[in-house]
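A short worksheet on the structure shown next.
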Amino acid sequence: RAWCQAAAQKLSGGIGSKLCGMFGFSVLLLVVVGGWGKLSGLQMLHESIFPHTFLQILEYKSQNVSTADVFFPSSSFFFPSSDLLPAMDGDTKTMTFLQEVVDILLAYIVESFDRETKVIDFHYPNELLQMNNWELQDEPATLDDILISCRATLKYAIKTAHPRYFNQLSTGLDMVGLAADWLTSTANTNMFTYEVAPVFVLLEYVSLKKMREIIGWPDGRGDGIFSPGGAISNMYAMLLARFKMFPEVKEKGMSSVPRLVAFTSEHSHFSIKKGAAALGIGTESVICIKADESGKMIPADLERRILEAKQKGFVPFFVSATAGTTVYGAFDPLIAISDICKKYNIWMHVDGAWGGSLLMSRRHRWKLDGVERANSVTWNPHKMMSVPLQCSALLVREEGLMQNCNQMHACYLFQQDKHYDLSYDTGDKALQCGRHVDIFKLWLMWRAKGTIGFEAQIDKCLELSEYLYNKIKDREGYEMVFDGKPQHTNVCFWYLPPGIRYMEDKEEKKKHLHKVAPVIKARMMEYGTTMVSYQPQGDKVNFFRMVISNPAATFQDIDFLIEEIERLGQDL
């Protein structure tokens, strides 16, 4: 027993010790790492209670399936959820059930950071539907079934915390942020008034003020709110810009204002057009400005298009500059753009959803020079700062504008005769009524890391991207999508397999190259070894867009990615 418990400490959260303590030791099976693949720690199974699990392991072995796929057995919870709290005497059952869930989560976390495990156990949609019963039933399932569902969900989930997951802009898993998310869900409150979320409302207040200080607004003055994501933050900015110029639109609608036009880079995020569609401005009223070869907006073209719009009788009201474009990671020239916006009295918004976090880095914040001149800024800590999804902030330079734009004076919620300072009832300045507590994750991580911790994390990711760029820019079989060092962690490149590397017909070569990235990506997912995005851009055929925002990634992971692309594409 003592030896078993000592060995079980390799299991995250003492899961093994717990199992040893819960079950007898007459028929204890200790499964260790052998020819079966990589285990997520040691897995101890009691054959007399879990013969199906033992047989399942043997089946995995016969199929040569990684034993990382073997999930920890549950207690036999053959009772329904109605027996849990607030049921009478449900505290013991509740604690036992939740402990089992926590053990499942802890095991998954440890496995996610293990480079020997798959990033994804990929199955096609029809396969997943056939393999699992996802249908909802009239009769309640037992909690044993519920735990099985929890394991199955994580079994097929993408391990976004895996050091070799590079697929999208939000990667990594911070343990303090995760703990904050658990606490937030336990508190289960709403952000609309101080009376139901006093601490969370205050934490949002101090965090937004700190972020405005970092932007460069005097004494952190201004306003802001955390929204469901960067797209909504960008729409908020457009909404405020319209209200600032034509406040009557709030009551009278779009028929009361002239034809409005907005401007953004051709490389900007699709949410600018989506926001225009949602607000009734229309996607045709969003004018896309030319970008240079590296993806930066060309200020001269912006001014030209503004003058064209004015000559047609349109009213320019909004310019969205991008700090870190989605594909190239480009930073628009904010100082030049702000000069133009000031000249023509146009609201300047900076979409820093992806690149705004570089403000935390003394080495890289110069890329956002001029951001302090903006009227509004979108900043997503759930990207480069690895705050768990979702965590997006809209920062506004003018205090009180959000309240005037969005308030509806709902008397059942925002009573004016409350006994505390009503400025802390933030719900009336939001479009939402119910608003999730997103702030606690960011605030707690900031307390744990300090600003210097975030700075080190961001600098490391940019260092890794520079390492990748230097490794492949002159490597045979690789071609960069644009010249020069990446501005952000986005490294955009083509991989040319041997079969098309020396093709002389340029059109035929282009046609074949367009198919390379999708095939390699599909193979990555089927093998489960890594994930990286690809896409076309303008007249450029499909290329890989490598982004790094996971602080767990290392130089060795970058080397692995290069070797894996070459391995998976050598026969193309």
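Atom set for the values below is all heavy atoms of this structure, side chains included, hydrogens, waters and symmetry mates excluded.
Contact check for His162 versus Ile120: no side-chain heavy atoms found under the 4.5 Å cut-off. Residues Cys405 and Leu239 form a side-chain contact, since some pair of their non-hydrogen atoms from C-beta on lies under 4.5 Å apart. No side-chain heavy atom of Phe414 sits under 4.5 Å from any side-chain heavy atom of His409. Taking the side chain as every heavy atom from C-beta outward, Trp379 and Leu394 never approach each other to under 4.5 Å. Taking 4.5 Å as the limit, every side-chain heavy atom of Asn375 sits out of range of all side-chain heavy atoms of His349. For the pair Phe555/Leu464, a side-chain contact is recorded, criterion being any heavy-atom separation below 4.5 Å from C-beta on. Side-chain contact check for Ile458 versus Leu462: some heavy-atom pair is nearer than 4.5 Å. Annotation: side chain of Met360 is in contact with side chain of Thr451 (closest heavy-atom distance under 4.5 Å).
Within a 6.0 Å radius of CH2 in Trp366, other residues, nucleotides and ligands contribute 12 heavy atoms or fewer.
One distance of note links CE of Met408 with CG of Leu413; it measures 14.0 Å at 0.5 Å rounding. Taken to the nearest 0.5 Å, the CG atom of Asp103 stands 12.0 Å off from the SG atom of Cys150.
Aromatic rings of Tyr156 and His123 (six-membered ring for Trp) have centroids within the 6.0 Å cut-off, being under it. Between His267 and Tyr328, a ring centre-to-centre spacing shorter than 6.0 Å is recorded.
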- prompt: How far apart are the C-alpha atoms of Gln168 and Ser533, what are their side-chain angles, what is the distance that settles it, and do they pass the side chain to side chain contact (heavy atoms under 4.5 Å, CB included) test?
  reply: CA-CA 7 Å; Gln168 255 87 37; Ser533 291; 3.6 Å; yes
message: Set out, in order, the CA-CA distance, both residues' side-chain angles and the distance that settles side chain to side chain contact (heavy atoms under 4.5 Å, CB included) for Thr325 and Asp351, then state yes or no.
response: CA-CA 9 Å; Thr325 58; Asp351 177 7; over 6 Å; no
- request: Under the ring pair (Phe, Tyr, Trp, His ring centres under 6.0 Å) rule, what do Phe544 and Tyr534 come out as? Steps first, then yes or no, please.
  value: CA-CA 4 Å; Phe544 286 111; Tyr534 73 86; 7.0 Å; no
task: Given salt bridge (Lys or Arg N to Asp or Glu O under 4.0 Å), test Glu398 with Arg221 step by step and report yes or no.
output: CA-CA 8 Å; Glu398 182 177 337; Arg221 290 194 297 269; over 6 Å; no
message: Pair Met531, Met525 - check side chain to side chain contact (heavy atoms under 4.5 Å, CB included), show working.
response: CA-CA 7 Å; Met531 287 179 69; Met525 294 180 69; 4.1 Å; yes
field: Phe331 vs Leu368, side chain to side chain contact (heavy atoms under 4.5 Å, CB included): CA-CA, chis, key distance, verdict
entry: CA-CA 7 Å; Phe331 289 80; Leu368 289 98; 3.7 Å; yes
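Between Leu240 and the choices Val396, Asn404, Asp223, the side chain to side chain contact (heavy atoms under 4.5 Å, CB included) rule is met once, by Val396. Residue Glu111 forms a salt bridge (charged side-chain N to carboxylate O under 4.0 Å, His left out) with just one option from Lys159, Arg151, Lys155, Lys118, and that option is Lys159.
The aromatic rings of Tyr420 and Tyr194 sit tilted, their planes meeting at an angle between 30° and 60°.
Remark: side-chain polar atoms of Tyr236 are paired, donor with acceptor, to backbone N or O of Leu431 under 3.5 angstrom. Between the side chain of Asn380 and the backbone N or O of His382, no donor-acceptor pair lies under 3.5 Å. When atom types are taken as modelled, the side chain of Gln487 and the backbone of Lys485 share no donor-acceptor pair closer than 3.5 angstrom. With hydrogens and angles ignored, the 3.5 Å screen pairs a side-chain donor or acceptor of Thr489 with a backbone N or O of Ile548. Using modelled atom types, one side-chain atom of Lys460 and one backbone atom of Ala553 make a donor-acceptor pair closer than 3.5 Å.
Taking the ring centre of Phe318 as origin, the terminal cationic atom of Arg242 falls outside the region bounded by 6.0 Å and 45° from the ring axis.
Residues Asp91 and Thr94 bring no donor and acceptor atom of their side chains to less than 3.5 Å of each other.
Pairing each heavy atom of Ala180 with each of Leu444, the nearest pair is CB-CD2, 3.8 Å.
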